[in-house]
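Before any comments, here is the structure.
Letters go in sequence order (proteins before strands), and every chain restarts at 1. Bear in mind the structure is a predicted one, so any value in this text is a computation, not a measurement.
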Protein chains: 2
Amino acid sequence: MKLSKRKEKILKAVVESNLSSGEPISSKAIQQEYLPDVSSATIRNELMSLEEMGYLTHLHTSSGRVPTTEGYRKYVQELMPTKKLTKKEVSQIQSNFTDKLVSLNDIMVRSAKTISDACNYASVVYFGAKDTATILQIKIMTISDSTKLVVVATDLGVISEMANLGEVSQTELDEAGRIMTEIFAGKPLSSLEDQRYRISKELVKYKQIFETIIDTIAKRDNTKIAVAGKEKIMDYPEFEDVNKLKNAIKLLDNDEKLLPILKNSSSGDGVEISISVGGANDDLSIVTATYKIKGDKTFSTGVVGPVRMDYAKAISVLKEVSDTIKDITDKE
Amino acid sequence: MKLSKRKEKILKAVVESNLSSGEPISSKAIQQEYLPDVSSATIRNELMSLEEMGYLTHLHTSSGRVPTTEGYRKYVQELMPTKKLTKKEVSQIQSNFTDKLVSLNDIMVRSAKTISDACNYASVVYFGAKDTATILQIKIMTISDSTKLVVVATDLGVISEMANLGEVSQTELDEAGRIMTEIFAGKPLSSLEDQRYRISKELVKYKQIFETIIDTIAKRDNTKIAVAGKEKIMDYPEFEDVNKLKNAIKLLDNDEKLLPILKNSSSGDGVEISISVGGANDDLSIVTATYKIKGDKTFSTGVVGPVRMDYAKAISVLKEVSDTIKDITDKE
DNA sequence: GTTAGCAGTCTAAATGCAAGAGTGCTAAAA
DNA sequence: TTTTAGCACTCTTGCATTTAGACTGCTAAC
């Protein structure tokens with residue numbers, strides 16, 4: 001439904017006022033600060049109408065208006081001005097990616113840190129590409145009698161993990177690596193898990209080695225999400241409430257909870273905003289930007305902050321970071 | 001100063017009551033629950049005396065007594081009963097270390113998780129041994145044209161990290177690895193940093209490679225402390241206060257703040273208790289256990305919880321974990 | 001369609017009161 | 001000298017009441 005110009009102005013005023021102060025706003029204040037040309041009574045009428053539409057709400061009879069989640073959504077979708085980052089901010093972001101990133105983990109961790117620093121909220125990075133990264137080569141190296149190092153090189157970076165394979169000669173390890181490379185080269189990383197059954201049946205000789213390697217890589221993959229800047233959101237006034245703070249931290253510390261939210265909101269390509277995510281976490285918003293790199297590999301970045309956060313800035317930062325990552329990974 | 005038997009009993013009663021309830025205790029309650037043989041008036045006199053000595057305090061005229069930090073200290077040092085872990089608890093702890101640990105990181109992370117789970121507080125692990133681990137071998141492997149994998153094997157486990165060394169042949173890498181092994185084998189890990197100047201001067205040919213490797217390993221080493229179970233302490237009632245909660249989380253999220261506390265309290269060998277650590281963090285206690293493994297390498301484990309925590313249990317858990325780690329590392 | 005004006009509602013802060021908890025002191029008992 | 005009973009005193013906590021102030025919603029006039 002299309003709002004009248006004046007209703008748009010008023011909704012915008014309510015949201016922006018709430019964004020900066022966190023307090024409800026009265027009809028009189030709207031008149032004084034945003035719309036001096038009409039009377040507060042007229043604004044009151046409009047407010048009532050916007051409230052009926054579900055964009056605003058009322059805490060009690062004599063309190064000013066605050067936007068509903070719906071109101072926020074309308075704002076970010078239709079009314080919000082875009083914000084351009086300053087040159088300084090852009091170069092600040094880019095400077096975090098000047099040295100070459102060699103492991104998948106590096107990219108995630110670095111991105112998360114960069115985003116969080118740039119917009120002063122917490123940030124999450126989900127590198128969906130991790131599952132679909134294309135395997136290039138698998139090597140196993142001898143470290144000590146029983147400890148071996150498994151290295152999986154992919155088109156997006158390298159994963160290396162120690163594994164305890166027992167006493168196996170380097171010759172055998174080389175062969176095992178060669179065979180695994182033959183089977184998996186060109187396939188996505190996730191195929192390691194998927195084809196576990198087939199492999200262990202087909203290649204009886206190295207069954208034990210394969211299984212250990214698959215377990216090791218799979219285990220390593222458990223930390224799927226990089227989170228940065230948790231401490232940053234603690235200072236926003238909405239988290240003066242202990243329970244809200246606890247909820248926020250528990251969410252950010254828990255990959256299992258975070259993942260569905262991230263995956264869900266990043267269904268489309270591009271920027272998506274989820275306001276009031278999670279049942280108990282009414283006070284958290286997540287702005288996500290999902291991009292494809294190297295063709296079809298998803299890369300989701302997100303800013304996690306209070307519902308009244310600077311959405312415009314968050315979006316700009318995410319776009320900048322995503323573009324930078326894209327540049328890096330596609331260049332190679 | 002030695003306390004009379006009765007004063008000891010009363011101090012013990014106040015501390016233990018406070019430990020379990022978190023509330024101040026009155027003279028009458030002490031009489032009923034701990035010392036039925038004397039009147040509450042007598043207890044009141046003793047309480048006054050203990051207060052003068054600095055072990056107890058008073059929130060206001062008509063409130064019961066709570067222990068001071070000094071009182072807690074006296075308690076844990078002289079009055080606390082030792083607590084034996086149940087068989088179940090012991091095997092629970094040991095079961096976390098059954099599969100072989102191959103990297104230094106593994107040991108830290110696993111220990112932290114185990115401790116936190118066993119006593120339901122947050123835990124920190126500082127593997128001082130990391131700096132002094134003896135280097136056994138250094139290898140550099142080719143992953144792609146420019147990306148190489150640096151592997152440093154030590155007596156305590158392996159460190160592997162990706163580095164961008166540019167286009168160098170495997171032959172050269174082998175030689176560089178061989179030379180570095182020759183120089184560093186038998187020396188502590190920290191010598192990599194320490195001898196940076198000497199090396200880069202002595203071995204001009206591989207200077208670039210050496211420096212990159214040293215940087216890489218040093219960078220990796222930045223995360224010196226493993227922290228686990230942050231979310232566990234959030235549910236203790238003392239952290240209903242937002243600021244206390246914030247302080248606790250900020251401390252646990254900040255290695256730079258944590259390290260001096262850990263290093264400091266683990267100056268001696270064995271168990272140490274720091275109550276009310278950090279200026280603003282009056283409500284956190286850290287119980288640390290520091291041990292030497294493989295001769296002279298320090299390994300500090302710690303339990304971080306509210307001041308009124310189950311110290312006896314924490315100590316037992318730390319001892320058990322430390323013993324287990326010692327077994328593992330010394331066996332090899 | 002817009003506005004002024006006002007009654008009505010709700011909050012938030014201040015005030016006062018009563019009940020209860022626990023101490024500190026005194027004087028008597030052991 | 002130590003212990004105890006008893007009581008006055010202090011402070012907290014919870015509750016009810018009041019008051020001032022902030023806004024709205026409605027009505028009637030512009």
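In terms of phosphate contacts, H58(A) brings no side-chain nitrogen or oxygen within less than 4.0 Å of OP1 or OP2 of dC10(C). For S27(A), a side-chain nitrogen or oxygen approaches OP1 or OP2 of dT24(D) to under 4.0 Å. A close approach under 4.0 Å does occur between a side-chain nitrogen or oxygen of R65(A) and OP1 or OP2 of dT24(D). The side chain of H60(A) places no N or O atom within less than 4.0 Å of a non-bridging phosphate oxygen (OP1 or OP2) of dT24(D).
Atom CD in E231(B) sits 6.5 Å away from atom CG in D253(A) (nearest 0.5 Å).
Of the candidates dC23(D), dG24(C), dC26(D), dC23(D) carries the atom nearest the S26(A) side chain, counting heavy atoms from C-beta on. Side-chain proximity of T61(A) to dG25(D), dT9(C), dG24(C): nearest is dT9(C).
Counting only N and O atoms by type, the side chains of Y126(A) and T288(A) include no donor and acceptor under 3.5 Å apart. Donor-acceptor pairing under 3.5 Å is recorded for the side chains of Y72(A) and N18(A). Counting only N and O atoms by type, the side chains of S39(A) and T42(A) include a donor and acceptor under 3.5 Å apart.
No donor-acceptor pair under 3.5 Å is formed between the side chain of S123(A) and the backbone N or O of V303(A). Between the Y311(B) side chain and the V307(B) main chain, a donor and an acceptor come within less than 3.5 Å of each other.
Near DNA chain D, defined here as any heavy-atom distance below 4.0 Å, the residues from residues 35-46 of chain B are D37(B), V38(B), S39(B), A41(B), T42(B), R44(B), N45(B), listed numerically.
Defining each end axis of the helix from dG1(C)-dC30(D) to dA30(C)-dT1(D) as the rotation carrying four pairs' C1' atoms onto the next four, with five pairs an end, the two axes are found to diverge by 20° to 10 degrees.
Between D235(A) and K250(B) there is a salt bridge, with a side-chain nitrogen of the basic residue lying less than 4.0 Å from a carboxylate oxygen of the acidic one. Between K2(A) and E8(A) a salt bridge is recorded (basic side-chain N to carboxylate O distance below 4.0 Å).
Of all heavy-atom pairs spanning I115(A) and G302(A), the tightest one is CG2-O, 4.2 Å.
Rounded to whole Å, atom P of dT23(C) lies 12 Å from atom CD of Q31(B). Atoms CG (L50(B)) and P (dT23(C)) sit 13 Å apart, rounded to a whole Å. Per the geometry, CG belonging to L59(A) stands 13 Å off C1' belonging to dT24(D), to the nearest Å. Following rounding to the nearest Å, I25(B) (CD1) and dG22(C) (P) show an atom-to-atom distance of 9 Å. In this structure, CD of E52(B) is placed 15 Å from P of dT23(C), rounded to the nearest angstrom. For the pair I10(A) CD1 and dT24(D) P, the computed distance is 12 Å after rounding to whole Å. Going from atom CD of E23(B) over to atom P of dT13(D) covers 10 Å, rounded to whole Å. As a whole-Å value, the separation of L56(A) CG from dG25(D) P is 11 Å.
For the salt bridge (Lys or Arg N to Asp or Glu O under 4.0 Å) criterion with E51(A), the lone passing option out of R65(A), R44(A), K7(A) is R65(A).
Between the base of dC23(D) and the side chain of S62(A) there is no donor-acceptor pair shorter than 3.5 Å.
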